[in-house]
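I have placed the structure first, in the form of structure tokens, so that the comments after it can refer back to it.
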Amino acid sequence: MFKPSWDLERSQSVERHTLTVLVDNEPGVLARVVGLFSARGFNIDSLTVSETEHDRHRSRITIVTVATPKVLSQIKLQLERLVPVHRVHDLTAEGNSLERELALIKVAGKGENRVETLRLAEAFRANVVDASIESFVFEITGRPTKVEQFISLMQPLGLVEVVRTGLTAISRGKEGM
């Protein structure tokens, strides 16, 4: 039975993918990459960028997006066409990558809640980076699921504020980007 292309696209399931993009570190590059997503209605769930090759003035952008396989293919092709882009890798499709995130989490509390907060922080290997009589600020790194779980456990104990870096990722093995 023939299915129109729009019907086929609708039946495809959305997938979460982590893309890494190696670009020239020059003014406006990030705006162009983000503009590509927004102009086409693609959402970015997480975005991190930093210069990683200082001598060559190149930056690495890590983007987490959720899309159908067809839309994801379009995203990668359009990213590759941008002039300052050197390489685009889909770490999710390539498999075997490491993903980490850093978060600073402020928790207020007194008495038994403070003891429980410190106990949970130790179990999650969260570091205390600031402490007062009434609050703690924890630094935690790990997979996003670990960070999410720690945040949800801190909620009933007096969660005040959360700041997250966004996902950063790298492929395993001897090959570089």
Side-chain angles (χ1 to χ4, degrees), residues 9 12-54 57-107 120-121 124-127 129-130 137-155 159-173 175-177:
E9 188 175 320
Q12 290 184 336
S13 62
V14 294
E15 302 170 351
R16 177 187 171 274
H17 280 256
T18 302
L19 306 175
T20 56
V21 185
L22 187 63
V23 299
D24 289 333
N25 186 12
E26 59 186 42
V29 172
L30 182 59
R32 291 172 67 191
V33 169
V34 171
L36 182 145
F37 277 78
S38 65
R40 289 155 183 83
F42 305 147
N43 190 39
I44 295 175
D45 287 348
S46 175
L47 176 72
T48 59
V49 61
S50 182
E51 186 175 64
T52 55
E53 296 179 24
H54 301 294
H57 302 288
R58 290 193 178 161
S59 291
R60 184 173 176 139
I61 302 171
T62 304
I63 302 167
V64 178
T65 189
V66 177
T68 64
K70 183 176 181 178
V71 168
L72 193 64
S73 178
Q74 290 174 349
I75 290 171
K76 290 188 286 190
L77 285 171
Q78 291 171 5
L79 281 171
E80 289 169 346
R81 289 185 188 141
L82 290 177
V83 172
V85 172
H86 293 278
R87 287 190 203 98
V88 177
H89 285 273
D90 183 347
L91 293 178
T92 305
E94 293 171 12
N96 207 18
S97 65
L98 297 170
E99 297 181 343
R100 294 293 183 267
E101 184 176 16
L102 171 108
L104 296 175
I105 300 163
K106 187 184 296 184
V107 182
L120 286 169
F124 276 81
R125 296 185 184 143
N127 298 315
V129 293
D130 186 55
V137 175
F138 298 104
E139 172 189 81
I140 185 168
T141 58
R143 295 186 57 81
T145 53
K146 175 186 174 183
V147 174
E148 284 292 335
Q149 188 177 18
F150 184 70
I151 292 168
S152 69
L153 289 171
M154 291 297 116
Q155 192 78 42
L159 181 71
V160 175
E161 188 175 8
V162 176
V163 181
R164 298 172 81 159
T165 60
L167 188 79
T168 188
I170 192 167
S171 62
R172 293 181 189 253
E175 298 297 320
M177 191 168 174

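Sequential numbering from 1 along the given sequence is applied to the chain's residues.
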For this session: Kindly give the heavy-atom pair with the smallest separation between Ser13 and Pro69, and that separation in Å.
Result: O-CD, 3.4 Å
Seminar exercise, completed: The reported gap from CD in Glu139 to CZ in Arg125 (rounded to nearest 0.5 angstrom) is 14.5 Å
For this session: Check whether any side-chain N or O of Lys146 sits under 3.5 Å from a backbone N or O of Thr141 as a donor-acceptor pair, and report yes or no.
Result: yes
Problem set entry | Ser97 side chain vs Ala169 backbone, donor-acceptor pair below 3.5 Å | no
For this session: Decide yes or no for Ser171 and His89: does some side-chain heavy atom of the first lie under 4.5 Å from some side-chain heavy atom of the second?
Result: no
Exercise. So how far is it from Asp130 CG to Leu104 CG, rounded to the nearest 0.5 Å?
Worked result: 10.0 Å
Exercise. Lys76 and Asp90: which non-hydrogen atoms are nearest, and at how many Å?
Worked result: NZ-OD2, 3.2 Å
For this session: Could you give me the CA-CA distance, side-chain angles and deciding distance for Thr92 and Glu15, then say whether side chain to side chain donor-acceptor pair (under 3.5 Å) is met?
Result: CA-CA 10 Å; Thr92 305; Glu15 302 170 351; over 6 Å; no
Problem set entry | Spatial distance of atom CD1 (Ile75) from atom CG (Leu36) [nearest 0.5 Å] | 8.0 Å
Problem set entry | All side chain to side chain donor-acceptor pair (under 3.5 Å) counterparts of Arg40, not counting sequence neighbours | Gln78
Exercise. Is any side-chain heavy atom of Val29 closer than 4.5 Å to a side-chain heavy atom of Val49?
Worked result: no
Problem set entry | Test item: Phe37 and Leu79 side chains (from C-beta on) under 4.5 Å apart, heavy atoms | yes
Seminar exercise, completed: Between Ser46 and Gly166 the two heavy atoms that sit nearest each other are OG-CA, 3.3 Å
Exercise. So, do Glu148 and Arg164 sit near enough that their side-chain heavy atoms are less than 4.5 Å apart?
Worked result: yes
Problem set entry | Sub-4.5 Å side-chain heavy-atom contact between His86 and Asp24 | yes
Problem set entry | Closest contact, heavy atoms only, Thr65 versus Asn43 | OG1-O, 2.6 Å
Problem set entry | Under the ring-ring contact (aromatic ring centres under 6.0 Å, His included) test, residues paired with Phe150 that sit two or more places apart | Phe124, Phe138
Exercise. Can you tell me if Thr165 uses its side chain to pair, donor with acceptor, with the backbone of Glu101 under 3.5 Å?
Worked result: no
For this session: Look up atom OG1 in Thr168 and atom CG in Leu102, then write down how far apart they are to the nearest 0.5 Å.
Result: 10.5 Å
Problem set entry | Thr20 side chain to Thr62 backbone, donor-acceptor under 3.5 Å | no
For this session: Look at the side chain of Thr48 and the backbone N and O of Leu167, then say whether any donor-acceptor pair between them is shorter than 3.5 Å.
Result: yes
Exercise. Atom OG1 in Thr52, atom CD1 in Ile61: separation rounded to 0.5 Å?
Worked result: 10.0 Å
For this session: Can you measure from OG (Ser152) to CG (Leu159) and round to the nearest 0.5 angstrom?
Result: 9.5 Å
Exercise. Does the side chain to side chain contact (heavy atoms under 4.5 Å, CB included) test come out yes or no for Asn25 and Arg58, once each step is laid out?
Worked result: CA-CA 5 Å; Asn25 186 12; Arg58 290 193 178 161; 5.8 Å; no
For this session: Answer yes or no: is there a side-chain heavy-atom contact under 4.5 Å between Leu82 and Val23?
Result: no
Problem set entry | Ion pair Arg16/Asp45, N-O distance below 4.0 Å | no
